[in-house]
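Scope of the values below: all heavy atoms of this structure, side chains included, with no hydrogens, waters or symmetry mates. Chain A is the first sequence line, chain B the second, and so forth, proteins listed ahead of strands; every chain is numbered from 1.
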There are 2 protein chains.
Amino acid sequence: MGIQERRERDFLRRERDILDAALGLLDHDDWQSVTIAQIATKAEIGKGTIYKHFATKEEIYARLSLDFGDEMLAAMRRLDHNQPVLDLLRALMRLALKYHVRGMRYHRVLMFCRALDFRRRLSPEAQKAMDDKDMEFDTLFGTIIEKGIEEGIFPRMPIEKLTWGAHAAFEGTTLMLWNELAGATDEQKQEFIDTVIHFMLVGMVYQDRKL
Amino acid sequence: MGIQERRERDFLRRERDILDAALGLLDHDDWQSVTIAQIATKAEIGKGTIYKHFATKEEIYARLSLDFGDEMLAAMRRLDHNQPVLDLLRALMRLALKYHVRGMRYHRVLMFCRALDFRRRLSPEAQKAMDDKDMEFDTLFGTIIEKGIEEGIFPRMPIEKLTWGAHAAFEGTTLMLWNELAGATDEQKQEFIDTVIHFMLVGMVYQDRKL
DNA sequence: GTTACAGTGTGACCGTTGGTCATTATTTGA
DNA sequence: TCAAATAATGACCAACGGTCACACTGTAAC
């Protein structure tokens with residue numbers, strides 16, 4: 001059934017066209033300025049067609065975020081997970097933040113899809129997919145940090161509590177990269193990233209010190 | 001001219017009514033679900049009247065954010081600024097984060113008004129007002145941290161670089177309080193806040209340590 | 001070859017939204 | 001008493017996200 005297969009391929013290709021069009025538009029306008037009509041025009045399809053693929057405009061963003069998460073997780077897993085814990089964590093965070101720096105499009109998607117208000121509006125299935133993806137990141141980092149505890153690098157305490165600060169710093173860094181540091185050069189952004197990563201590791205290593 | 005005065009008073013009172021109505025609605029719906037019509041109804045005025053006070057819907061949010069900033073700065077300046085630097089910083093951050101925890105309304109306003117995409121859409125005057133308010137917070141913290149450097153509590157390095165990590169952690173904390181920790185109890189949130197504050201101080205104090 | 005059917009693309013159309021503006025009501029000043 | 005000024009108002013507008021009846025194509029049954 002060659003024709004049947006071609007149909008399916010075309011359908012999937014059209015879905016990619018929609019996603020790429022949306023992503024491209026997000027380079028110049030923020031999410032709420034990008035309209036379905038614009039996406040349709042850029043993807044060279046009718047407006048109604050978009051709704052054969054996505055239930056709402058926001059589900060497009062959700063898909064972009066999920067795809068983006070997959071890409072990032074794959075890149076993270078490709079790193080050498082046998083290197084020393086601190087080096088590995090540094091490499092992981094540099095990688096994750098590099099994705100953010102790479103383009104405002106990614107930043108806008110991730111920023112938007114992280115908000116609770118956004119997730120609540122999603123369908124239950126989409127919601128679960130997003131939560132599962134978050135969990136994948138959590139376990140990936142969790143495993144490594146646990147190893148760090150075993151090796152005596154980090155103080156022995158509940159992982160969640162140990163990582164709260166670093167987690168917050170990471171989230172805040174992604175915000176600041178495109179707010180306070182939006183006009184900075186790539187070198188300045190890189191210095192910022194390295195400084196904050198060092199800060200996060202120091203904060204965890206000396207978490208049990210009294211002040 | 002008692003009537004003239006009363007007119008002005010009424011006009012200002014109406015402005016407060018608008019702001020209060022908007023704020024109240026933000027407890028239950030996120031910013032984009034709240035409509036001008038809803039605000040007008042709740043404030044018991046006509047829709048057109050709102051535009052006598054604010055140029056756009058977003059300028060309402062900007063004003064809420066500015067007022068909120070004023071309130072927070074005033075509370076911060078009321079603290080004892082002669083106590084030890086670390087204690088003072090702890091108190092300041094606890095205070096700031098308490099405002100965030102206090103209600104989703106405040107969180108939603110601050111979260112929304114921080115985004116660069118939002119600020120760019122504002123009028124130049126409103127933009128400057130927001131930037132100035134940010135600067136006030138920066139100098140308030142900057143002065144104290146400088147004192148900390150003089151006293152040898154923090155390593156001697158450019159203030160911006162020294163505080164990048166803490167700044168990021170703070171921003172991230174405000175995010176997490178209403179995302180990851182949205183369903184947590186007040187006690188859990190308080191533990192989270194105290195943990196992150198400790199993390200931030202440790203990160204700054206030991207910022208110059210090699211790992 | 002004809003008919004029924006399922007899958008897909010499409011743009012006219014709909015309800016809702018943020019924002020405008022002509023009209024109305026009220027106060028001021030001469 | 002009347003003209004000018006100020007402010008409140010809701011009908012109105014353009015633009016948006018989303019819907020749907022219809023058109024087109026290929027498949028299956030007879």
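Between B/D30 and A/R120 no salt bridge is recorded (no basic side-chain N to carboxylate O distance below 4.0 Å). Taking a cutoff of 4.0 Å between a charged side-chain nitrogen and a carboxylate oxygen, A/R114 and A/D134 do not qualify as a salt bridge. The existence of a salt bridge linking B/K128 and B/E125 is excluded, since no basic side-chain nitrogen approaches an acidic carboxylate oxygen closer than 4.0 Å. Between B/D70 and B/K133 there is a salt bridge, since at least one side-chain N of the basic residue sits less than 4.0 Å from a carboxylate O of the acidic one. Salt-bridge formation is not detected for the pair A/D17/A/R14: no Lys NZ or Arg NE/NH1/NH2 atom is positioned less than 4.0 Å from an Asp or Glu carboxylate oxygen.
Between the CD atom of B/E59 and the C1' atom of C/dG19 there is a distance of 13 Å, given to the nearest Å. Taking atom CZ of A/R121 as the reference point, atom P of D/dG17 lies 13 Å away to the nearest angstrom. When the P atom of D/dA11 is taken as reference, atom OH of B/Y51 falls 16 Å away, rounded to whole Å. A straight line from CD1 of A/I50 to P of D/dG17 spans 10 Å, rounded to a whole angstrom. The interatomic distance linking B/D10 (CG) with C/dT26 (P) rounds to 14 Å, in whole Å. Computed from coordinates, the B/I18 CD1 to D/dA7 P distance equals 13 Å when rounded to whole Å. Counting to the nearest Å, the C1' atom of C/dG7 and the CZ atom of A/R9 are 17 Å from each other. Remark: P of D/dT19 and CZ of A/F54 are 15 Å apart, rounded to the nearest angstrom.
Between D/dG26, C/dG19, C/dT10, one nucleotide has an atom nearer to the side chain of A/K52 than all others, and that is C/dT10. In this structure, the nucleotide among D/dG26, C/dG9, D/dA8 sitting nearest to the side chain of A/H53 is C/dG9.
Between B/H100 and B/F170, the ring planes are perpendicular. Angles over 60° get that label, and only those under 30° would be called parallel. Note: A/F68 and A/Y106 have parallel aromatic rings, judged against thresholds of 30 and 60 degrees for the angle between ring planes.
None of B/T49, B/I36, B/I45 except one satisfies the side chain to side chain contact (heavy atoms under 4.5 Å, CB included) rule with B/I18; the exception is B/I45.
Two residues, B/F11 and A/A55, neighbour DNA chain D, and the one matched to the more 5' nucleotide by heavy-atom proximity is B/F11.
Scored by the ring-ring contact (aromatic ring centres under 6.0 Å, His included) test, B/F154 finds no partners at all (sequence neighbours excluded).
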Structure string for DNA chain C in dot-bracket form, Watson-Crick and G-U at under 3.5 Å, | interchain: ||||||||||||||||||||||||||||||

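Considering only side-chain N and O atoms, B/R14 lies under 4.0 angstrom from the phosphate OP1 or OP2 of D/dA8.
Heavy atoms of B/K57 sit under 4.0 angstrom from primed sugar atoms or phosphate atoms, though from no base atom.
Residues of residues 35-49 of chain A that place a heavy atom closer than 4.0 Å to DNA chain D, in numerical order, are A/T35, A/I36, A/K47.
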